[in-house]
Amino acid sequence: MATAPAAPKLNHIGLPVLEYRGGKTTLCAGCGHNAISERIIDAMYQMGVEPERVMKMSGIGCSSKSPAYFMSRAHSFNSVHGRMPSVSTGAILANHTMTTIGVSGDGDTASIGMGQFVHMMRRNLPMIYIIEDNGVYGLTKGQFSATADIGSRLKTGVVNDLAAIDTCALAIQLGATFVGRSFSGDKKQLLSMLKAAIAHKGTVMLDVISPCVTFNDHEGSTKSYKFMQEYDEPINEIDFVASFDEIEVDYQSGEVFEVEMQTLMEAHSKNEILTGVFYIDTQKPTFIDLLNIVDEPLGQLPESVTRPPKSALEGLMASLR
Ligand SMILES: Cc1ncc(C[n+]2csc(CCOP(=O)(O)OP(=O)(O)O)c2C)c(N)n1
Ligand code: SF4
Ligand SMILES: [Mg+2]
């Protein structure tokens, strides 16, 4: 007699991992972005986040297509190139009770979106901001982006003469309260960082090196799988233990280090790519705290609350006379 298939494992809110999946990816096979989507699915499932309580945001690029490939049950907004920060700011202010996760690219963030990115970092809005960093504009056929390292070479032989923008150093300087770098090929580190990111209250900025197998995975690239395997220098061994989990880890948990900006810069000159959590501050008020916003989502307040009565307007006018 055939045995019945094993029942799927449920998380602490009673959902199987299947409920965290998205549509079938249309990205190239082997693209680092696909591995990041898989880790987001695992992290959200393991943390027991209710899919309907999640807002997925993105800009434009192969990376920005990713939210279609995880958590189909969540809310999603695929915005304009480089404009994810402003659209997310509006959405978070309208409903700060959701978990917000944004997926951007190095082009989407560090080129066209830079003006928006820096303001998002300084506000400490509650949001997980992921840069899927491949050093090129994958969607438009592989031109260098502003995170491409100096001396890095395209398949065509073109060499990048400009210094890279370090988005992590920038995010720390501007005021993001959880900043780290990881690699799409390091399942364990990335999963731990994403779980900790979900638990953090404030802006999380994760720069995840995510090789573009079609345009930037060759000899001479500093964002290839081979280069990362050789030069990835994890600065800390981290794991995240959620309060509802039994503590069952194979190494010491919760180690977090502050890294001097100098260290990030020195690593560049030594060709090393530091990964891990660089900075964390759990005390700084978020933008929601600063604005003293009510607990209920603004978008759901009734008109009787949001619209002042005629007498309030008359009083205001009288005060100006
Ligand atoms: C306003 C505007 N300018 C330019 C483009 C063309 N464009 C689309 S995606 C992209 C770059 C994407 O690079 P990145 O954000 O690194 O994502 P990747 O494809 O590498 O994941 C560009 C320049 C656009 N769609 N809209
Ligand atoms: S072109 Fe590059 S970034 Fe875009 S899906 Fe293919 S491998 Fe990924
Ligand atoms: Mg890119």
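Every number for a ligand or one of its atoms is a count from 1 in the order of the listing.
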Problem - For atom 11 (C) of ligand 1, the option (of His81, Glu132, Arg83) bearing the nearest heavy atom - result: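 Going through His81, Glu132, Arg83 one by one, His81 has the nearest heavy atom to atom 11 (C) of ligand 1.
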Handout entry: Nearest candidate to atom 18 (P) of ligand 1, where distance is taken over non-hydrogen atoms, out of Ala146, Ala110, Gly138, Gly107
Key =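 That would be Gly138.
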Distance-only polar pair, side chains of [X] and [Y], donor-acceptor under 3.5 Å:
| X | Y | result |
| --- | --- | --- |
| Asn78 | Ser58 | yes |
| Ser221 | Asn216 | yes |
| Thr203 | Arg122 | no |
| Asp289 | Thr286 | yes |

Between atom [atom1] of [X] and atom [atom2] of [Y], what is the distance when rounded to the nearest 0.5 Å?
| X | Y | atom1 | atom2 | answer |
| --- | --- | --- | --- | --- |
| Thr99 | Glu52 | OG1 | CD | 12.0 Å |
| His75 | Asn95 | NE2 | CG | 8.5 Å |
| Met205 | Thr177 | CE | OG1 | 12.0 Å |

Considering only the protein, which heavy-atom contact is closest to [atom], and what is its distance?
| atom | answer |
| --- | --- |
| atom 17 (O) of ligand 1 | Ser63 OG, 3.2 Å |
| atom 25 (N) of ligand 1 | Ile60 CG2, 3.7 Å |
| atom 13 (O) of ligand 1 | Tyr137 CA, 3.4 Å |

Exercise for the section: Please confirm whether Ile112 comes within less than 3.5 Å of ligand 1 when only nitrogen or oxygen atoms on both sides are compared. Expected result: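 No.
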Exercise for the section: Using distance alone, determine whether Thr140 and ligand 1 share an N or O pair under 3.5 Å. Expected result: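 Not met; the criterion fails.
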Problem - Opening angle between O in Val136 and OD1 in Asp106, taken at the Mg ion (ligand 3), to 10 degrees - result: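 Approximately 120° at the metal, rounded to tens of degrees.
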Exercise for the section: Any atoms of ligand 2 less than 4.0 Å from a non-hydrogen atom of Phe215? List them with their elements. Expected result: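 Under 4.0 Å from Phe215, ligand 2 has these atoms: 1 (S).
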Problem - Region of Asn134 that comes within reach of ligand 1 [heavy atoms, distance under 4.0 Å] - result: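 Asn134 to ligand 1: side-chain contact only, backbone stays beyond 4.0 Å.
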Handout entry: Gly202 backbone acceptor or donor facing Asn124 side chain under 3.5 Å
Key =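 Such a contact is absent between Asn124 side chain and Gly202 backbone.
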Exercise for the section: Verify, without hydrogens or angle tests, whether Asn236 (side chain) and Val277 (backbone) share a donor-acceptor contact under 3.5 angstrom. Expected result: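 Looks like yes, one N/O pair under 3.5 Å.
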Near [X], which atoms of ligand 1 are under 4.0 Å from a heavy atom of that residue?
| X | value |
| --- | --- |
| Asp108 | 14 (P), 15 (O) |
| Leu139 | 9 (S), 19 (O) |
| Val136 | 16 (O), 20 (O) |

Exercise for the section: Mark the output for His33 as yes if a heavy-atom distance to ligand 1 is under 4.0 Å, and as no if none is. Expected result: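 His33: in contact with ligand 1 (<4.0 Å).
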Handout entry: Under-4.0 Å salt bridge between Lys195 and Asp239
Key =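 Judged by the 4.0 Å cut-off on N to carboxylate O distance, Lys195 and Asp239 do not form a salt bridge.
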Handout entry: Basic-acidic side-chain contact under 4.0 Å: Glu219, Arg153
Key =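 Salt bridge absent between Glu219 and Arg153.
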Problem - Full working for side chain to side chain contact (heavy atoms under 4.5 Å, CB included) between Thr89 and Val87 - result: CA-CA 5 Å; Thr89 302; Val87 176; over 6 Å; no
Problem - Protein N, O or S atoms lying under 2.8 Å from atom 8 (Fe) of ligand 2, listed by chain and number - result: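 Listed by chain and number, the nearby protein N, O or S atoms are Cys31 SG.
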Exercise for the section: Decide, counting backbone as well as side-chain atoms, whether Asn134 has an N, O or S atom less than 2.8 Å from the Mg ion (ligand 3). Expected result: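 It does: Asn134 brings an N, O or S atom closer than 2.8 Å to the Mg ion (ligand 3).
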Exercise for the section: Treat each ILVMFWY residue as a node, draw an edge where side-chain heavy atoms are under 4.5 Å apart, and state whether Tyr137 and Val213 are in one component. Expected result: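 Unlinked, Tyr137 and Val213 end up in two clusters.
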